[in-house]
Amino acid sequence: MAKRDVDIVVISDVHLGTYGCHAKELLRYLKSIRPQKVILNGDIIDIWQFSKSYWPESHMKVVRRLLKFVTEGVPVYYLTGNHDEMLRKFADFNLGQFQLLNKLVMEVDNKKAWIFHGDVFDVTMQHSKWLAKLGAVGYDTLIILNSMVNWLLTTLGRQKMSFSQKIKGKFKDAVKFINHFEQTAADLAVDKQYDYVICGHIHHADIREIKATDAPGSVLYLNSGDWVESLTSLEYANGKWTIFKYNAADFNTEPDEEDKADTEDLNNSLDIKVLLEKFKVDTQ
């Protein structure tokens, strides 16, 4: 795939450090674009489930590719989510083109965009964090099982399936939660007079106009999805927002570009595993 120029790319829910993360696919995607701005909208590194025993090279390469954008002068905004909430105590940290924030308001072609992860709307996160963490472990286990089943289905020449999406579709409460999440975000955005509200968190990519519940007006609601199952991001180019969905067939060849971030000895650089372990210890 030839490199594409993109004004803004929004990525969320990558969950680096977990077995469900599709880091190789994300790396191919990041290599395929020339963004003017990169917004990492929460749960990029999964500090909740971080383990010293699992941090493959592909995950480190994603981090390096993002840092490469910074060194090239591309503004990179890291907005904290619930799985990387330990970083929230460092919010408003700036280092050159890199900024660590909890939320972001920016002008996009004379329109106001309100960008944040979205876990603030999750009642489970607010009142039963232990239950949310338990659910995260169960979700990661389900993804591992799903990966094995999909490997078998692919071997047999059959279509892949998503366990979690089937579960969400069958349980009315899950559908109701997503609808409530989207409507709450839209209502607050209309009240604050924003043109766009951009979230992550629910692993459900979407772009649609939502009318306010109890007030006149509407807002364009956007969600970037995830890089665990749907493998999606939001892109803004030529005055329009679109959802990018990764398709392996479009990436059957590696980009021509080779750089030191991919070829140098990964063990001789910053040990991200030690850094993340320190975050966990400091916040316990």
Side-chain angles (χ1 to χ4, degrees), residues 7-13 36-44 75-85 87-94 99-129 131-132 135 168 171-226 230 232-244:
D7 296 329
I8 304 171
V9 60
V10 183
I11 298 167
S12 69
D13 300 275
Q36 297 299 309
K37 288 188 180 72
V38 176
I39 300 171
L40 307 174
N41 199 8
D43 289 1
I44 304 303
V76 175
Y77 303 91
Y78 191 124
L79 311 185
T80 57
N82 50 303
H83 284 253
D84 45 22
E85 64 179 349
L87 300 176
R88 284 178 174 162
K89 67 179 182 178
F90 304 104
D92 300 322
F93 171 80
N94 294 288
Q99 292 188 55
L100 178 65
L101 304 163
N102 291 329
K103 60 182 180 296
L104 175 66
V105 175
M106 70 163 45
E107 292 279 336
V108 180
D109 288 342
N110 299 316
K111 291 186 176 181
K112 276 189 178 181
W114 184 31
I115 311 168
F116 58 100
H117 184 63
D119 56 293
V120 66
F121 300 145
D122 194 333
V123 175
T124 307
M125 276 300 308
Q126 300 303 314
H127 302 290
S128 303
K129 193 172 291 186
L131 185 60
K168 288 175 186 176
F171 284 91
K172 290 183 179 180
D173 285 347
V175 176
K176 191 185 298 182
F177 169 77
I178 290 174
N179 291 337
H180 178 71
F181 176 95
E182 295 171 340
Q183 188 63 57
T184 301
D187 287 343
L188 284 172
V190 170
D191 184 60
K192 293 174 179 289
Q193 298 184 326
Y194 293 119
D195 300 290
Y196 305 127
V197 57
I198 304 174
C199 301
H201 188 57
I202 57 174
H203 294 213
H204 183 74
D206 201 1
I207 300 177
R208 63 191 176 95
E209 195 80 19
I210 300 181
K211 292 183 179 180
T213 305
D214 299 315
S218 63
V219 67
L220 187 65
Y221 165 85
L222 304 99
N223 195 297
S224 46
D226 68 280
S230 58
T232 55
S233 65
L234 292 170
E235 295 182 350
Y236 185 78
N238 301 315
K240 182 182 179 182
W241 285 101
T242 57
I243 295 173
F244 172 88

Side chains of [X] and [Y]: closer than 4.5 Å at any heavy-atom pair?
{"X": "Thr80", "Y": "Phe90", "value": "no"}
{"X": "Val38", "Y": "Tyr77", "value": "no"}
{"X": "Asn223", "Y": "Ile198", "value": "no"}
{"X": "Leu220", "Y": "Asp195", "value": "no"}
{"X": "Leu234", "Y": "Ile243", "value": "yes"}

Does one side chain, of [X] or [Y], offer a donor that lies under 3.5 Å from an acceptor on the other?
{"X": "Tyr78", "Y": "Asp84", "value": "yes"}
{"X": "Asp187", "Y": "Thr213", "value": "yes"}
{"X": "His201", "Y": "Asp43", "value": "no"}
{"X": "Asn41", "Y": "His117", "value": "no"}

task = Give the ring-plane orientation class for Trp114 versus Tyr194, where under 30° counts as parallel, over 60° as perpendicular and anything between as tilted.
result = parallel
Straight-line distance of [X] [atom1] to [Y] [atom2], nearest 0.5 Å:
{"X": "Lys240", "Y": "Asp7", "atom1": "NZ", "atom2": "CG", "result": "14.0 Å"}
{"X": "Asp226", "Y": "Ser12", "atom1": "CG", "atom2": "OG", "result": "7.0 Å"}
{"X": "Tyr196", "Y": "Glu107", "atom1": "OH", "atom2": "CD", "result": "10.5 Å"}
{"X": "Leu100", "Y": "Leu79", "atom1": "CG", "atom2": "CG", "result": "8.5 Å"}

query = Lys37 and Val9: side chain to side chain contact (heavy atoms under 4.5 Å, CB included), yes or no, with the steps?
reply = CA-CA 6 Å; Lys37 288 188 180 72; Val9 60; over 6 Å; no
inquiry  = A quick test of your reading: do over 12 heavy atoms of other residues, nucleotides or ligands sit less than 6.0 Å from CG of Asn94?
reply    = yes
ask   = Are Arg88 and Asp119 ion-paired here, with the side-chain N under 4.0 Å from a carboxylate O?
value = yes
query = Distance-only, no hydrogens or angles: does the Ser224 side chain make a donor-acceptor pair with backbone N or O of Ile11 under 3.5 Å?
reply = no
Salt bridge (charged side-chain N to carboxylate O under 4.0 Å, His left out) pairs, two or more places apart, involving residues 204-216 = Glu182-Arg208, Asp206-Arg208
inquiry  = With side chain to side chain contact (heavy atoms under 4.5 Å, CB included) as the criterion, how do Ile210 and Gln183 come out once you've worked through the C-alpha distance, each side chain's angles and the decisive distance to 0.1 Å?
reply    = CA-CA 7 Å; Ile210 300 181; Gln183 188 63 57; 3.5 Å; yes
